[in-house]
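Written out below as structure tokens is the structure these notes cover.
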Amino acid sequence: MHRLFKTTILAVFALLLSSSTTLAQSPTHYYVEIQTDKGNALLKLYNETPLHRDNMVRLVRQGFYDSLLFHRVINQFMIQGGDPSSKFAVDKQSLGEGGPGYDVPAEIKEQLIHKKGTIGAARDNNPEKKSSGSQFYLVQGKVYSEAGLDSLETIRLKKKLTPQQREAYTTVGGVPHLDGEYTVFGELINGLDVVDGIAKVETDGRDRPVANQRMAMRTLKLDEALKIELGEVPRRGFFSRIFSKAPAQDYILTPSKR
């Protein structure tokens, strides 16, 4: 009888704890903090590109990007990193060929454009436009005039830009000619000044910064992500409060949020 009572109590407790967890609010996106000597930036990953989103989350949580370099930097264009060979690279070493040993299928979406602050996946010249498994770039670009976009359409793009593109590239700026060629899979929600700071450093003939520009990354924890989306951490139920002093937890997006 004592054992049955104990088992019943434990079962009820587990059910209540599960219910409390289930009813708790869940973030709608993954967020990544990019840490650099020029400051930190906060990146939101798009749900429209789940393969790239989940790949980056996995690598960040493994510590893959920690101590890697922004090895290719071009002012008014972009800053690129994610080559694992850069972690212990010597000065003047050629970089840009390394990766985790796999590619990611292209997820190029018309509405996801190369406006300033977006993150895109680097790639080689493969015909399927598959992305590098780890290398990425943060877009800086420049602001265009309407006449400048007209000229770009005629001379380089050979097609008309959408109203969305024109709005973005004449306000925040970016790199229009990359649209449709590379997968864009997230955007900075703060830290554009970090991109500007790194983009302005002195580089050598291969566009590698003369002074190493290292990075580290981490995914935001559950409550940090909820605070971004809701403006505050939601109040927890009884059992959540009991465990409120436990270490902050990672989270997995529910299928409906993907």
Side-chain angles (χ1 to χ4, degrees), residues 28-36 38-57 59-60 65 68 70-83 96 104-123 129-144 148-149 152 156-157 161-200 207 213 215 217 219-220 225 228-229 253 258:
T28 61
H29 290 82
Y30 284 123
Y31 300 87
V32 174
E33 183 181 63
I34 304 174
Q35 303 162 351
T36 79
K38 296 290 191 292
N40 297 342
L42 187 59
L43 176 69
K44 179 176 77 172
L45 300 178
Y46 294 148
N47 292 332
E48 294 90 336
T49 51
L51 299 178
H52 287 73
R53 176 200 64 197
D54 293 350
N55 179 64
M56 171 156 270
V57 168
L59 292 179
V60 170
Y65 290 104
L68 299 192
F70 285 99
H71 64 268
R72 183 172 178 238
V73 169
I74 303 175
N75 194 28
Q76 293 193 324
F77 184 37
M78 58 88 222
I79 62 175
Q80 181 174 333
D83 180 350
V104 180
E107 295 180 291
I108 298 172
K109 311 290 184 181
E110 182 180 6
Q111 74 275 21
L112 303 181
I113 63 175
H114 285 81
K115 64 184 180 181
K116 183 176 182 179
T118 50
I119 184 172
R123 65 172 177 83
K129 300 181 181 179
K130 293 183 293 185
S131 302
S132 163
S134 62
Q135 290 196 45
F136 67 90
Y137 54 90
L138 294 171
V139 175
Q140 186 195 34
K142 64 179 183 180
V143 175
Y144 286 79
L149 291 181
L152 188 66
R156 184 166 190 173
L157 299 179
L161 296 171
T162 67
Q164 176 202 16
Q165 289 171 304
R166 281 190 167 270
E167 171 68 19
Y169 296 133
T170 56
T171 54
V172 298
V175 186
H177 71 266
L178 296 182
D179 290 346
E181 297 297 322
Y182 297 81
T183 296
V184 176
F185 62 101
E187 65 180 88
L188 296 180
I189 58 177
N190 64 50
L192 291 179
D193 58 318
V194 175
V195 177
D196 289 336
I198 295 175
K200 292 176 182 176
D207 300 317
Q213 304 295 312
M215 70 180 78
M217 294 193 196
T219 55
L220 295 195
I228 292 294
E229 295 185 353
L253 296 184
R258 290 177 178 271

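Considering NE2 of H114 and CE of M78, their distance stands at 10.5 Å, rounded to 0.5 Å. Summarising the geometry, atom NE2 belonging to H177 is positioned 12.5 Å from atom CG belonging to L161; distances are rounded to the nearest 0.5 Å. A distance of 11.5 Å separates OG1 of T219 from CG of L59, quoted to the nearest 0.5 Å. Rounding to the nearest 0.5 Å gives a distance of 7.5 Å between CD1 of I34 and CD1 of I79. Between the CD atom in Q140 and the CG atom in D196 there is a gap of 5.0 Å [rounded to 0.5 Å]. Separation of atoms CE (M215) and CD1 (I198) is listed at 7.5 Å; rounding is to 0.5 Å.
K129 places a side-chain N or O within 3.5 Å of a backbone atom of G180 that can act as its donor or acceptor partner. Panel note: side chain Y137, backbone F77; no donor-acceptor pair is recorded below 3.5 Å. Although no hydrogens or angles enter the test, the distance criterion places no donor-acceptor pair under 3.5 Å between the side chain of Y144 and the main chain of R166. Within the 3.5 Å criterion, the main-chain N or O of H29 finds a donor-acceptor partner in the side chain of E229. No donor-acceptor pair closer than 3.5 Å links the side chain of Q165 to the backbone N or O of I113. At distances below 3.5 Å, at least one donor-acceptor pair connects side-chain atoms of N47 with backbone N or O atoms of T28.
Shortest non-hydrogen contact noted between T49 and L112 is CG2-CD1, 3.8 Å. Considering all non-hydrogen atoms of both residues, L149 and P176 come closest at CD2-CG, 4.3 Å. In plain terms, the two heavy atoms of Q164 and Q111 that are nearest each other are NE2-O, 2.8 Å. Contact between Q80 and A122 at its shortest, heavy atoms only, is NE2-CB, 3.7 Å. For the pair I119 and F136, the tightest heavy-atom approach, listed with the atom from each and the gap, is CD1-CD1, 3.6 Å. G96 and H71 make their closest contact through CA-NE2, 3.5 Å (heavy atoms, listed as atom of the first residue, atom of the second, distance).
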Check: Given the rule in the side chain to side chain contact (heavy atoms under 4.5 Å, CB included) test, do Y65 and S134 qualify, once you have shown the distances and angles that lead to the verdict?
Finding: CA-CA 8 Å; Y65 290 104; S134 62; 3.9 Å; yes
Check: So L43 and L188, side chain to side chain contact (heavy atoms under 4.5 Å, CB included) or not? Walk me through it.
Finding: CA-CA 4 Å; L43 176 69; L188 296 180; 4.0 Å; yes
Checklist line | Worked verdict on E48 versus E107 for side chain to side chain contact (heavy atoms under 4.5 Å, CB included) | finding: CA-CA 8 Å; E48 294 90 336; E107 295 180 291; over 6 Å; no
Next item on the list: Output, in order, the C-alpha distance, side-chain angles, deciding distance and verdict of salt bridge (Lys or Arg N to Asp or Glu O under 4.0 Å) for D54 and R258.
Entry: CA-CA 10 Å; D54 293 350; R258 290 177 178 271; 3.0 Å; yes
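Taking the side-chain contact (heavy atoms from CB on, under 4.5 Å) definition, one finds that E110 meets it with T162, sequence neighbours left out. Qualifying side-chain contact (heavy atoms from CB on, under 4.5 Å) partners for K200, counting only residues two or more places apart in sequence or in other chains: N75. By the side-chain contact (heavy atoms from CB on, under 4.5 Å) test, N190 is found to be paired with L42, residues two or more places apart in sequence or in another chain being considered.
Using a 4.5 Å heavy-atom cutoff, the side chains of F70 and T36 are in contact. Proximity of I189 to Y31: side-chain heavy atoms (C-beta onward) are separated by under 4.5 Å at one or more points. Y182 has its side chain out of reach of V139: every pair of non-hydrogen atoms, C-beta onward, lies at least 4.5 Å apart.
Shown are E187, H52, R53; of these, the side chain to side chain donor-acceptor pair (under 3.5 Å) with Y46 is made only by E187.
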